[in-house]
Structures are given as C-alpha cells and as structure tokens.
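See below for the structure under consideration.
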Amino acid sequence: MNLKSSVIKGAFSLGGARLVVTLLNAAGILILARLLTPADFGIVAIATAVLTVAMSATEASIQPALIQCREPTREHLDTVWTLSLIRSFLIFAAMLACAWPLSRAYGDARLVPVLMVSGITGAFAEFYNPRLTMAMREMRFAPTVLFQIGQKSFGLILALVLAIVLKSYWAIIIGNAVGAVAASIGSHFLPRYRPRFSMTRFRDIWGFSGWMFVNQLCETLNWRFDQLVAGLGVTKAQLGFYSMADNLAVIPSRELTGAMRNALFAGLSCLSEQPKRLRASFMRAQSSAAMITAPAAVGLALTADPAVRLLLGEKWVASIPFVQILALTYAIDTFINVVRPLGMAMGQTKYLFLRQLAGLSIRIPLIIAGLISGGLAGAAIGRALGSLANVLISMLIVRRLLGLSVSRQVASHAETLWGLVAMSGVLMLTQLSFPPTLKETPLLQLPLLITLAGLAYCGTIVAIWRLRGGHDGPVSEIAGILAGVFRKRPREGAAT
C-alpha cells in the first residue's frame, strides 16, 4: 500500500473512531444537559479546566515521540512507559496540592473532592500502552480505534447511569475517572505489552518532546484561559452555560479533526526528508481538512438557536450567543489544523511552541479586555479575535518551514471560503423569511436549514471549481477519496 493510501486509510479508520466517540460525546452531552443543571456544569467546567492545565503542564508528547523516532527499540518503548508513569504521579499530586487553594479562590468547598477525583482521571487519561503508538506508526490503526471507542463509551455509560441515580455533577466526575482507569488498564492488552522500568532512551525521547512540553501548556492556556478566569467572577450557572456552549461548539470541527491530525502526523513523518512531496501533501491535507470541517462549524453558528432549543432544551437558551461565537472560533481554526502535525513530522517543535506563545500573548489580553467590557460574551469575542491572529501566525510558520507564501495558502481555500459565504447568505435569508409558526418549531427548522446549507455550500464549491478548470485541489482530492471508498472492487476470478 502506498503512503497516500495508508494515510487515507488511517484518516478513515481514526476518523471513524473519532466520529463514534464524537457522537457518543454529543449524545452524552445532550442527555446530561437534561438531567443536570447549568450550575452542575459550572463545577465540572472548573474541574476540567484545572485538570487540563495540570495535564498540559506535564505534557511532553512522550508517546508521539515514538512516531518521529527513526528506529524505535524496546528500550524506547520502556522509556516512554516509564516517563508516562512519572507524569501520572505528577498530575495526581498537582491536583491534590491545588484542590484546597483553588476551592478557596473560587469560593466553593465542593471543589476539594471534585479536584481530587479529577486527579485520578488525569493520571490515567494518557497513561496507555506505547505499543498502540507503534501500531499507528506502522499504519495499523485498529488497536487505537478500539482504545478510543472503549475509553469514551465505558465512562459515558457509567456517567449516564450515575446521572439518573445521583442527579449530580458527580456523575460526570466519577464517570470520567472510572473510564480513564479502565481504558488505561485495557490498553496494555491491545496489543499485549509487559511494562519495564527504563530511562535509557531519555535523551532520544526528550529531544523531540522538550519543545512540545511548553507548546502544549501554551495551547491549553489558549483554550482554557477564558473558563479559568471567568470562573472567578461569574456564577457557576453562568459558567455552566458558557461551558455547555463550548462543549457543543467544538463537536463539528475540532473534535473531528483530531483523528485526521494523528494520521497525518504519521504520514507526513515519512515525507520529512522529501521537501517537494511534503509541501504538496501539506497543501492538499490542509485545504481538504478545512473544506470538510469549516462548513459544519459555521453552520452550527448560524443555526445555534434551533439547535440549542432542540438538542439541549429551553433551559439552555442562555447559551445560544456563546455557541454562535465559539462555533465561529473553531471554524477559524480549521484553516490551520494541519500545522501541528507538520511541525511534529519535521521535528520542528520549537516553531510550534513559538506559535502558541505568540498566540497566547495576543489572546489573553483580548479575553481579559472582553471579559471586563462585555462579560462572558466579550471573553468569547476576545477568544475569536485571538484565533484570527493565530491563523496569520500559523501561516507565517508554514512559510518558514515549507516556503509557501501566505497568499498561496489563502488561495488554496478559495472554494471553501466562497462556499461558506454562499451558505451563510442562504441560511440567514431563509431564517429571516420563516413564518412565526416555523420559528417556534426547531424540529422542523433544523433539518430544513441543514439541507439548504449543504446544497448551497456543495453547489458553490463545485461550480467555482469547474469555472477554474477543475484544477488539482481539495475538491478533486475529496472526490478522489470518495470515489475510492465507493468504488466496487472487482470480483475474484473476473476477467481482466
């Protein structure tokens, strides 16, 4: 199997698993939203934000270092496992240490046990069998697929059962913890791996992971700073509305691109010493990823009102403006999602850190200014403006790494951008023309809007692609992938 086919197969395998996980996550959010209160989600939002920062403060992309390593050995695997174990202890200790001080800072004693139990989630969330990463390096994705689906489904089912019984935020906290522990233990049998303590390959692993450590911390602060700061000045219910909006807004775009980035990291690593092929592969991957995911995020932003009313219920109406802003924020990020796997594949993790640091230095002042001037909505707008700045920073990094000009990168998204404009116009005009009876029926509104949005978007990008001569780009790339998926295989023994 050639590299392109392997990457496509990996993207579909991991993408399929991610789709299942995303659907499970979405279903869980929708059900839990009806069982729990906004204040419950406010408590969970604080715990999740603190845990994410604690995990990022110890994150060094230890497992991905195996993919970038030229000739990984058993000693490399053992070193990765040992470092992962040390990291797990550090995360749990950090959560224990900060539980009481943070409960005082946020003025809520309930955070003490919540943060302690969340420490268990963090300790086991990424403590898994390094042979899963090796399988991915070899373009074998089945073990990772089973691990991802098992990790999410087990914790979610438990959380739903506990939510029915307890009707408390503890359902989510305990469900996450038990799911993480079970998945971590189970991963060591998919495939089987007998751990051994070793630090003999520390230098090899840290050579890749050092910059990723500070990069991951900056990235997490970029995405969690708003909730950490907002929790100090708003009620738990208000933070719950904001957190729920973030959970919903992330589903159509950033959640679905995670699997694609993992597959691309493995594929682009094989091209790291072939600049011409690497440039072409990056351009195809980035433009195709944006073309697939951006319309889903923009569509959610424009249909947030009926989507929230139908999916979450009337008690979550206050989250609608946050969904609109945050979904657009995630849509902006779809245009630079492949920059991270590119930097990792090239071993240029220093530039990924500099990108996040520059973005953080812009985003934090914008979020604080927005929070002071406009409350949570202002913070969300500040976060969106920070994402716009991050797009330019990321494109400048790509110019540095691959020699691709910013204008050429933007031009590769021409069909996508025009498609989004057409789709947005159709959705806004359609909603303005709705009669009052239809506006009060989200069950009828949403399917109609989704259908019209899809027709407008797909029709526009295909029309523009044809007007431009059917050039080689994201449309032809996606069409080729779909043709390969649906093409019937010749029967065995058929004449050739």
Indicate yes or no: at least one non-hydrogen side-chain atom of Leu115 is less than 4.5 angstrom from one of Leu102. yes

Considering only heavy atoms from C-beta outward, does the side chain of His413 approach that of Met291 to under 4.5 Å? no

Side chains of Leu83 and Met199: does their closest heavy-atom pair fall under 4.5 Å? yes

With sequence neighbours excluded, what pairs up with Ala384 under the side-chain contact (heavy atoms from CB on, under 4.5 Å) test? Ile325, Thr329

pair Leu326-Tyr242: side-chain heavy atoms closer than 4.5 Å: yes

Starting at CD of Glu75, measure out to OG1 of Thr200 and round the result to the nearest 0.5 Å. 4.0 Å

Is Gln238 reaching over with its side chain to a backbone N or O of Leu376, donor-acceptor style, under 3.5 angstrom? no

Donor-acceptor list for residues 388-399 side chains, cut-off 3.5 Å, not counting sequence neighbours:
residue	atom	partner	partner atom	Å
Ser394	OG	Arg355	NH1	3.0
Ser394	OG	Asn390	O	2.8

What pairs with Phe127 under side-chain contact (heavy atoms from CB on, under 4.5 Å), at least two apart in sequence or on another chain? Trp81, Ser84, Leu85, Ser88, Phe124, Ser184

Exercise: identify the closest heavy-atom pair between Leu36 and Trp316: O-CZ2, 4.4 Å

Residues pairing under side-chain hydrogen bond (donor to acceptor under 3.5 Å, both in side chains) where one sits in residues 101-112, two or more places apart or in two chains, turn out to be Asp108-Arg110

Could you list the donor-acceptor pairs under 3.5 angstrom formed between side-chain atoms of residues 158-174 and any protein atom two or more places apart in sequence or on another chain?
residue	atom	partner	partner atom	Å
Lys167	NZ	Ile164	O	3.2
Ser168	OG	Trp170	N	3.2

Would you call Leu404 and Arg279 a side-chain contact if the rule is heavy atoms closer than 4.5 Å? yes

Carboxylate-amine/guanidinium contact Arg194 Asp78, below 4.0 Å: no

Could you grab the distance from atom CZ of Arg131 to atom OG of Ser187, nearest 0.5 Å is fine? 12.5 Å

Testing the basics here: between Leu352 and Val339, what is the closest heavy-atom pair and its distance to 0.1 Å? CD2-O, 3.7 Å

Decide yes or no for Arg383 and Asp246: does some side-chain heavy atom of the first lie under 4.5 Å from some side-chain heavy atom of the second? yes

Tell me the side-chain hydrogen bond (donor to acceptor under 3.5 Å, both in side chains) pairs involving residues 33-43, sequence neighbours left out? Thr37-Asp40

Please give me the minimum heavy-atom distance between Ala249 and Ala327, naming the atom from each residue. CB-N, 3.6 Å

All heavy atoms of His188 vs all of Asn129, minimum pair found to be CA-ND2, 3.7 Å

Nearest-0.5 Å distance that lies between atom OG1 in Thr48 and atom CZ in Phe41: 10.0 Å

Just to verify, which of Val53, Ile368, Leu360 counts as forming a side chain to side chain contact (heavy atoms under 4.5 Å, CB included) with Phe225? Ile368

d(Asp333 CG, Leu328 CG) to nearest 0.5 Å is 11.0 Å

Worked verdict on Cys98 versus Val50 for side chain to side chain contact (heavy atoms under 4.5 Å, CB included): CA-CA 9 Å; Cys98 72; Val50 173; 4.0 Å; yes

Has Gln348 got a side-chain atom pairing as donor or acceptor with Gly343's backbone, closer than 3.5 angstrom? no

Heavy-atom side-chain proximity of Arg74 to Arg196 below 4.5 angstrom: yes

Gap between atom CD1 of Ile292 and atom CG of Asn337 - 0.5 Å precision: 11.5 Å

Hey, does the side chain of Ser319 reach the backbone of Phe241 with a donor-acceptor pair shorter than 3.5 angstrom? no

Side-chain touch Ser198/His76, heavy atoms, less than 4.5 angstrom: no

Identify the two heavy atoms, one from Gly122 and one from Ile91, that lie closest to each other, and give their separation to 0.1 Å. O-CD1, 3.5 Å

Non-hydrogen atoms of Gly42 and Leu239 that approach each other most closely: O-CD2, 3.7 Å

When rounded to the nearest 0.5 angstrom, what is the spacing between CE in Met283 and CG in Leu278? 12.0 Å

